[in-house]
2 protein chains.
Amino acid sequence: MSTESPRRAGRPRKAILSRDRITEHALSLVSQDGYDALTMQQLARSLGVSPSALYNHVDSKQDLLQWIQELVMAQVDTSAFGKLEIHEALIQWATSYRNVFALHIPLIPVIAVLPVSDSPRTIAMYEHVAETLRGRGLADAAVIPTIVALESFIFGSAMDTGAPHDIFDTSNHREATPHFTQAVAAQRATGVNTSDDSFERGLRALVTGLLASRDLT
Amino acid sequence: MSTESPRRAGRPRKAILSRDRITEHALSLVSQDGYDALTMQQLARSLGVSPSALYNHVDSKQDLLQWIQELVMAQVDTSAFGKLEIHEALIQWATSYRNVFALHIPLIPVIAVLPVSDSPRTIAMYEHVAETLRGRGLADAAVIPTIVALESFIFGSAMDTGAPHDIFDTSNHREATPHFTQAVAAQRATGVNTSDDSFERGLRALVTGLLASRDLT
DNA sequence: ACCTGAACACCGTTCAAGT
DNA sequence: ACCTGAACACCGTTCAAGT
């Protein structure tokens, strides 16, 4: 009798939720409606479950954001290391890094304070960069500051991507700011995206300058 | 009779609140207990007023953050422009900028999407930088991207300041990441602050590279 | 014009209760 | 072990009511 029932004491029903399923739905929510839509209640609804059920699998929303960060970080392309010349490899990696996080700006403050030990993908990425820099002959003590400097620029540039296109509109104060107004007009006339142009210029300057340091052995 | 009363119809009582007083108390809250303590309720309490009273003076919390941003931006030191040689002036300004916002990290996402037209102090600062860059002979169309690149690095570096000091601890994965582990140890052995070192190296590289551009006339 | 008090529509999170 | 439903302690913001 009772043995034919698939659900009985000692035979617990398979869990509906899991880290993978939760993270997957969270990312789907984010890509559809942005990070504002990522609330525990909306996420629970999308999973067909009550909000409190989530807490059987994740300790906090902060924890969930770290899971997401892992997935996002995995999208960064590190394939250039060991394949391209070091300047080109760094530029290709940094560009991919910046473009990925331009789609996940609210994650940036999370990562900035996240111990890398909690993020295997990030460690693996750093190992790639560190190996390349040391292979180039950069002094050991200069490797981390070089990476951090690049990353700071990458994160700052990714955030800038979210700025409105008319952020530099100064029609109201034109007379008081002749140089700035002229510069804005000239840049606009080129027709190129300000964020992209700024990133490319800065990245080239940064990579060149950091590798030209006197810390080469 | 009724004339001796200081408070009567047609003679409204002086307002308790004002933009200045609100902003001042908000900054005081922030400097004492950080941005987490800056809630409309806490702010109202610090002003001895009910939370709803604030909304007679400020449209939203976002608006309040913009007021604060104005005050904070005013702390950035631009005195080096026109006084020091351009490389030195940019470095001094950028360093002050970064150090100021290291104390106001949660403001950075606010600024990043804030139209500069809403922020007179920011416009004035940009005018200084733009004038200096044009005076150096930088092409008009290169001025804004140069400023944005510097600012992205400044904001990213300010955020990095909030990272825990042991953020690069990888004791658990040591064997899988030899280069990274070695780099961390070497940097730590120097005894210098990672954020500061990274900022200084990156800033020098950035300023040198941006000013060495072929966009000079 | 400016302030109070109550209320609203949310948050993230906890916890006893069920299976 | 895992889920539900109710509850808690907050948020920012609105609004009728008072002066």
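Chain A is the first sequence line, chain B the second, and so forth, proteins listed ahead of strands; every chain is numbered from 1. Every value quoted in this text rests on a predicted model; they were computed, and no experiment measured them.
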Problem set entry | Nucleic acid contacts of residues 41-57 of chain A, taken as heavy-atom distances under 4.0 Å to DNA chain C |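 Contacts with DNA chain C under 4.0 Å: A:Gln41, A:Ser52, A:Tyr55.
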Atom-pair distance ([atom1] on [X]; [atom2] on [N]), nearest Å:
X: A:Ile16; N: D:dC2; atom1: CD1; atom2: P; result: 11 Å
X: B:Leu64; N: D:dC11; atom1: CG; atom2: C1'; result: 15 Å
X: B:Lys61; N: C:dC11; atom1: NZ; atom2: P; result: 16 Å
X: A:Asp59; N: D:dC2; atom1: CG; atom2: P; result: 14 Å
X: A:Asp63; N: C:dT13; atom1: CG; atom2: C1'; result: 13 Å
X: B:Asp36; N: D:dC11; atom1: CG; atom2: C1'; result: 12 Å

Which nucleotide, in any strand shown, forms a Watson-Crick or G-U wobble pair with [N], with both distances under 3.5 Å?
N: D:dA17; result: none
N: D:dC3; result: none
N: C:dA9; result: none

Measure the shortest side-chain to side-chain distance between [X] and [Y] over non-hydrogen atoms and say whether it is less than 4.5 angstrom.
X: B:Arg134; Y: A:Gln182; result: yes
X: A:Phe199; Y: A:Asp196; result: no
X: A:Phe153; Y: A:Val207; result: no

Exercise. Picking from A:Glu151, A:Gln75, A:Gln92, what satisfies side chain to side chain donor-acceptor pair (under 3.5 Å) with A:Tyr97?
Worked result: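 That would be A:Glu151; it is the only one of A:Glu151, A:Gln75, A:Gln92 passing the side chain to side chain donor-acceptor pair (under 3.5 Å) with A:Tyr97.
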For this session: When you get a sec, tell me which of C:dC11, C:dT13, C:dC3 is the closest nucleotide to the side chain of A:Ser60?
Result: C:dT13
Exercise. Will you find, in the side chains of A:Ser18 and A:Asp20, an N or O donor that is under 3.5 Å from an N or O acceptor?
Worked result: no
Exercise. Do A:Asp160 and A:Ser195 have side-chain atoms, one donor and one acceptor, less than 3.5 Å apart?
Worked result: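 Short answer, yes.
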